[in-house]
Number of protein chains: 2
Amino acid sequence: MESDFVGQLIRQLPRDRRLEVPPGDDAAVLRPTPNSRPVITVDLLTEGVDFLLQGHEGTAGFPPAATPAQVGKKAVAVSLSDLAAMAAVPEAVVVAVALPRHGGRVIADELTAGVMAMTDAYGVTLAGGDTNSWDGPLVISVTALGSVAAGHAWRRDRAQTGDLIVVTGPVGGSLLGRHLNVEPRCREAVAIARQFTVHAAIDISDGLALDLSRLTAASDVGGVIDLKAVPVHPDAERLAALQPATGKTPLEHALGDGEDFELLLAMPAAEAIRLVATPPSELVAGSSMRPAIIGEIVAEPGLEGKATDGSKHPLAAKGFDHAFE
Amino acid sequence: MESDFVGQLIRQLPRDRRLEVPPGDDAAVLRPTPNSRPVITVDLLTEGVDFLLQGHEGTAGFPPAATPAQVGKKAVAVSLSDLAAMAAVPEAVVVAVALPRHGGRVIADELTAGVMAMTDAYGVTLAGGDTNSWDGPLVISVTALGSVAAGHAWRRDRAQTGDLIVVTGPVGGSLLGRHLNVEPRCREAVAIARQFTVHAAIDISDGLALDLSRLTAASDVGGVIDLKAVPVHPDAERLAALQPATGKTPLEHALGDGEDFELLLAMPAAEAIRLVATPPSELVAGSSMRPAIIGEIVAEPGLEGKATDGSKHPLAAKGFDHAFE
């Protein structure tokens, strides 16, 4: 069942040599990278939870509302970030949307433009789509397909005691707008994987502490974060100042906000030190990556924060929780 | 961002040898079938459009409401049917859901059971999931990944003048309940592809006439359907009797209802004749397939129906339309 609108747009694209059968048929047939493994991931974003659509936001003005194009870009970015966390080269995406029946055509146009801006920027094939209309809010699901050499995918369950923990850039306060302009670390991940030893990796979607706790739990280890080493994004400072009633410090925003889509890497100490000493532009031309060592992997399970006085305290693995009843 | 509930369930599954990195990481890494091409397709189903959920149906009692398990099964079946239409062997699915916040846990349990019943039945790996909760209706998106030998995928744009048109079983009236118990023709498609020449194929999701018109339009040909040869399902007779006010005949239901998920094949005449003469159980043990020749491909674009008196009339390519404004 290849309906439709996105499908029609895709068929107008120049033929991609990575496609043996292009979109518009019941399914797309890809030409895989030789000697590689397919890597697959899916993320679904819903209006009201993952984004507010312009014209439908609340009166608070925060978080900022998204244009349909930003929603399309973000949906692709979030799935590509999962591929980055596996050190996989992104190859293709397929996109499924449920559009509000009224106004859906305009939303579809802009959304598709956003999707294509992202697939263009990351050299990814838009391999298919399914467009639906309904009387509900906007929903978009992006499945990303990447490739990685056999045995070379970064996993989250291979961190080792003594590894240093690296974050690829400053975090916190992304809801002020960065969450709508996500730049997944795809090229950086592939470049790091080629030149450095990485034991485990995860991307920060739900919050540094929460995502790090997932990595350490999967690896049966723990982590100690050197709190003064955490690169706090200026947006975390701004958000703390904007919302004094929450009582959250900039550091707490950095540890808990999520939607940063930087990578957390557990690396042998010498490799981590070598990575932060390497100019990012030597790895990827024009990269905005600013890797920092923020702590170490320890044998004792759980997460601890180390204060400036050297004292350690348990760190709550807070972050965005996909709760339901 | 691999959250959650479906993820947790998946991690309890026995390890599938086709997975190098199992679900639960940021993405799954597959071991591809050697010398094959990946085939990818996505479908998204929304409550209220593609199904009514039990307890939330209208008062009419028609179409019948679905259990969450049936929704899960159907969502997988619809995507697998797209792979069947490419003659691809189904390998893996990833599933993304948006669950109503209230009652979502129960729905998630049953939905996942339905998804797994289908992946078990079709020998497919459940390679990942993304579970979301929101204040909206149920949405489920299934991406299916299959494999096919290079150059061997069935396309919809290669039908040739003189081909006979085969449908793999009786059609119409599926909304009486068959639409919730879809059996995609995956095994049949792969078996037919091995033993017969097929020029073009599509699955019937939106209606025989509409989907056939897509195949003929993509192939720059036309089709003439021998109306008395169309295998009308008993459900089409029942539905016509149940809804006399629509004025639709059983044949019109057969041509327009959709949700049949039988395949339409354009085959060289001798091959089509050989296929319908072959007992389906010789192709696939236990198959319910009942292929029938229903017409032929002609050079003149458009669809025509041939009546019993031999007269031909244009056939409207009616079916389910994914309209929005």
Side-chain angles (χ1 to χ4, degrees), chain A residues 1 3-4 20-21 25-32 37-44 46 48-49 78 82-83 85-86 88 92 94 96-99 101-105 127-137 139 141 143 145-146 148 150 153 155-156 202-203 205-206 322-325, chain B residues 1 3-4 20-21 25-32 37-44 46 48-49 78 82-83 85-86 88 92 94 96-99 101-105 127-137 139 141 143 145-146 148 150 153 155-156 202-203 205-206 322-325:
Chain A
M1 179 159 47
S3 15
D4 71 335
E20 180 176 303
V21 178
D25 216 302
D26 294 280
V29 181
L30 308 172
R31 290 195 178 90
R37 295 269 195 257
V39 183
I40 192 166
T41 183
V42 64
D43 274 293
L44 182 145
T46 55
V49 177
V78 167
D82 282 329
L83 294 184
M86 307 298 287
V94 291
V97 292
L99 294 162
R101 209 176 302 273
H102 294 283
R105 167 69 59 173
D130 183 38
T131 313
N132 302 268
S133 60
W134 73 329
D135 294 320
V139 178
S141 160
T143 303
L145 196 66
V148 70
R155 308 176 56 136
R156 63 174 64 172
I202 193 169
D203 68 325
S205 50
D206 295 335
H322 304 265
F324 58 92
E325 292 152 25
Chain B
M1 180 159 48
S3 17
D4 68 332
E20 180 177 301
V21 178
D25 216 302
D26 294 280
V29 180
L30 308 172
R31 290 193 179 89
R37 294 270 195 257
V39 183
I40 193 165
T41 182
V42 64
D43 275 293
L44 182 144
T46 55
V49 177
V78 167
D82 281 328
L83 294 185
M86 307 296 289
V94 292
V97 292
L99 295 161
R101 209 176 300 274
H102 294 284
R105 168 68 60 172
D130 183 37
T131 314
N132 303 268
S133 59
W134 72 328
D135 295 320
V139 178
S141 160
T143 304
L145 197 66
V148 70
R155 307 175 57 136
R156 63 174 64 171
I202 194 169
D203 69 325
S205 52
D206 295 334
H322 304 264
F324 57 94
E325 291 151 25

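Just the heavy atoms: all of them, side chains too, but no hydrogens, waters or symmetry mates, feed the values below. Below, read A as the first sequence line, B as the second, and so on, with proteins coming before strands; counting in each chain starts at 1.
- The shortest non-hydrogen separation linking A:V49 to B:R101 is CG2-NH2, 4.0 Å.
- Interface remark: of the candidates B:A85, B:P38, B:G136, B:G48, B:P38 forms the most heavy-atom pairs closer than 4.5 Å to chain A.
- For A:V29, the parts lying near chain B are the backbone and the side chain together; criterion is any non-hydrogen pair under 4.5 Å.
- The nearest pair of heavy atoms linking B:A27 to A:M86 is O-CE, 3.2 Å.
- For the pair B:L30 and A:R37, the tightest heavy-atom approach, listed with the atom from each and the gap, is O-CD, 2.9 Å.
- Both the backbone and the side chain of B:A150 come within less than 4.5 Å of a heavy atom in chain A.
- Atoms CG and CG, on B:D82 and A:D25 in that order, are 9.5 Å from each other to the nearest 0.5 Å.
- Residues meeting the side-chain contact (heavy atoms from CB on, under 4.5 Å) test with A:A98, sequence neighbours left out: A:W134, A:V139, B:L44, B:T46.
- Every side-chain contact (heavy atoms from CB on, under 4.5 Å) that A:A28 has, sequence neighbours left out, goes to A:L19, A:A127, B:I40.
- Side-chain contact between B:D203 and A:D26: present, with at least one pair of heavy atoms (C-beta onward) separated by less than 4.5 Å.
- Note that CG of A:D43 is 7.5 Å distant from CG of B:N132, once rounded to the nearest 0.5 Å.
- The side-chain heavy atoms of A:L145 and B:L145, taken from C-beta on, include a pair separated by under 4.5 Å.
- The most heavy-atom pairs under 4.5 Å with chain B, out of A:S141, A:A153, A:G146, come from A:S141.
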